[in-house]
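Structure first, then comments.
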Amino acid sequence: MADHILLRHRDIPDLDRLEVYQRHGGFETLRRTIAEKSPQDVIDIVKASGLRGRGGAGFPTGVKWGFLTPDVFPRYVVVNADESEPGTFKDREIMERNPFQLLEGIALCAYAARASTAYVYCRGEFWDLAHELEVRIAEARQKNLLGPKIFGSDFSLEVYVHLGAGAYICGEETALLESMEGKLGQPRLRPPFPAAKGLFGRPTVVNNVETLTNLPPILERGAEWYRSIGTKDSAGPKVFSLSGHVAQPGNYELPLGTTFRTLIFDHGGGVAGGRKIKAILPAGASAPILPATDEVLDTPMDYESVPKVGSMLGSASVIVMDDTVDVAWVALKTTRFFKHESCGKCTPCREGTFWMLRVLERLHSGQDGEGQVDGLYAVARGIEGKCLCPLGEFSIMPVTSGVERFRADFVAHEGDGR
Amino acid sequence: MTASGPRVGILLEKHAAQIEAILARYPSDQKRSAVMPLLYLAQHEYGHVSKAALEEIAGILDLSPTQVGSLVGFYSLYHDEAAGSVRMQICTDLPCALRGAETFARQVCENLGIRLGETTADGVITVEEVMCLAGCDRAPMFQVQDDQGIHYRENQTVESAMAWVAEVRKKHG
């Protein structure tokens, strides 16, 4: 992509300084939107743009806003900055390097939602960037770009940063809201959805950092321009976090629909050390593992195409593994993660991740006999479809897909039991 | 604070203005939301969340100490027990592990003469293994949790980590 749309700081030095951001048109879109467009106009444009949630679920953003219960106030905007999916580090770069585009996006979202308070729920580990973000919010407020009566209009918005404290589950939007209310981060039963009863029981929009960072360019350049990037059903640019066995790991902003091969080989410099690529996790720990066949490598990374080869796009955090990797070890790592992060609310997830980990640890210790791989698979299948939130579902994906697609790696650990 | 309010403790005595600013971020009937920022405040004051701090926070927010304590158990960045002055928290999750983080963690521990989860004999550094910190492209990496907050150190080698350890020991020794 010639010019970055989201990672604009890579083209413009010091874009994290307010005067530089403004010199490059920053907050001009917000000013014009407030002056010229109604909140409903903004919702319609975002719907027409085809923007889909970048946190992982891929739900159409404008449609989500349209679910807000009419005429109930106050409403809230909550920014999901809890970025904790293994292999995902895109929101961090946006917040560190292009924070004002996010803040302008938050303001546009709040204007559309007719909310006057927004909270940025930032994972606690992002301590430094959260405190910098607070300083930037204060700067923008001082210039009347946030705060009371923005640009002299009737639209007011206070933005606060709220720090989490180390819990992956809080990236799930209802768990995040519970956490914001000072409770354990455990998911809520839905419905009601946050658009009806969210933060403090009020209508609430919860959107991911990257999603909101898309709003200023969409409102500036229009839905049609946005739809010209990406594919028919997956519009726009996406920040792909590339990690693992690649020569140049990092974030790459590319149109949705870019193939795995282009990302890994053209941008990421291919597999480190010239080894052969064996497998790909396309969405961190939370999706089925893919064998790196030519068919998979030539698959466009969009919300429709990745499921066709047996996985998901999710947050588009692509973890690359070379031919030295044992997929049974990968399953051990992801299962240890999910066992640690299970919030404990649903029994199948709480107990299931415990037992999956136990079997995997025994497999790796070489002390178990035949049949353990089938046992592992049965435990994983037992969790499927039985949990309140997707975490339980995610936890089994690397395990079941691993056993199905790389069975030999698992069976190799089945000792003779003596 | 009214006469029937909580007994004024160290947090309120020393950080009254900051506590007021934290409470102001949330609707006045939703002050429970302030519990997480107050837990951080307490942790930085005491090095960990002490029983007295739990009780004081509960008093400020009209919660029970049990309600506040359950959060300390749930969220991994809060600690109810004292450890070394500095927690060195190494990410060994999958993306970092693919880039040598497990070996890095083992070698750091060997250099310090401790095992994961333990504290050095001088009481300065506790080494812990943690889950993904969103620093996957700059592995091996760790975060430093101390009474000042949390900071990242990325693109590490055993040598750079040990040089940092020496600095920390000078400061806290």
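Chain letters run A, B, ... following the sequence lines, proteins first and then strands; every chain starts at 1. All values reported here derive from a predicted model rather than from experimental measurement.
With a 4.5 Å cut-off on non-hydrogen atoms, A/Leu281 touches chain B through its side chain but not through its backbone. Contact annotation for A/Leu199: neither backbone nor side-chain heavy atoms come within less than 4.5 Å of a heavy atom of chain B. A/Val320 touches chain B through its backbone: at least one of N, CA, C or O sits under 4.5 Å from a heavy atom, while the side chain does not. Only the backbone of B/Ala24 comes within less than 4.5 Å of a heavy atom of chain A; no side-chain atom from C-beta onward does.
With a 4.5 Å cut-off on side-chain heavy atoms, B/Leu77 and A/Leu163 do not count as touching.
For chain A, the option among B/Ala139, B/Gly135, B/Cys132 with the highest count of heavy-atom pairs below 4.5 Å is B/Cys132. Of the listed residues (A/Gly344, A/Cys343, A/Ala285), the greatest number of heavy-atom pairs within a distance under 4.5 Å of chain B belongs to A/Cys343. Looking only at heavy-atom pairs under 4.5 Å with chain A, the residue among B/Cys136, B/Ala34, B/Pro37 that has the most is B/Cys136.
Listed by first and then second residue, the ring-ring contact (aromatic ring centres under 6.0 Å, His included) pairs involving residues 97-116 of chain B amount to none (not counting sequence neighbours).
To the nearest 0.5 angstrom, B/Ile150 atom CD1 is 11.0 Å from A/Leu129 atom CG.
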For chain A and chain B, what donor-acceptor pairs lie under 3.5 Å, backbone included?
unit_1, atom_1, unit_2, atom_2, d
A/Arg92, NH1, B/Ala134, O, 2.8
A/Arg92, NH1, B/Glu154, OE2, 2.8
A/Arg92, NH2, B/Glu154, OE1, 3.0
A/Arg92, NH2, B/Glu154, OE2, 3.2
A/Tyr119, OH, B/Arg25, O, 2.6
A/Arg123, NH1, B/Cys132, O, 3.1
A/Arg123, NH2, B/Cys132, O, 2.8
A/Asp128, OD1, B/His151, ND1, 2.9
A/Asp128, OD2, B/His151, ND1, 2.9
A/His162, ND1, B/Tyr26, OH, 2.6
A/Gly164, O, B/Tyr40, OH, 2.5
A/Ala165, O, B/Ser76, N, 3.2
A/Ala165, O, B/Leu77, N, 2.8
A/Gly166, O, B/Ser76, N, 3.1
A/Gly166, O, B/Ser76, OG, 3.0
A/Ser179, OG, B/Tyr75, OH, 3.0
A/Met180, O, B/Ser33, OG, 2.5
A/Gly182, O, B/Arg32, NE, 3.3
A/Lys183, O, B/Tyr75, OH, 2.9
A/Gly185, N, B/Tyr75, OH, 3.0
A/Gly244, O, B/Arg99, NH1, 2.5
A/His245, NE2, B/Leu98, O, 3.1
A/Val246, O, B/Arg99, NH1, 3.3
A/Lys333, NZ, B/Thr92, O, 2.6
A/Lys333, NZ, B/Glu102, OE2, 2.7

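Every residue two or more places apart in sequence or in another chain that forms a side chain to side chain contact (heavy atoms under 4.5 Å, CB included) with A/Ala118 is listed here: A/Val77, A/Ile106, A/Leu157, A/Val159. Remark: A/Ala81 pairs with A/Met95, A/Val120, A/Cys122, A/Val209 by the side chain to side chain contact (heavy atoms under 4.5 Å, CB included) rule, at least two apart or across chains.
B/Leu98 approaches A/Ile319 most closely through the heavy-atom pair CD1-CG2, 3.5 Å. Looking at every heavy atom in both residues, A/Phe126 comes nearest to B/Ala134 through CZ-CB, 3.7 Å.
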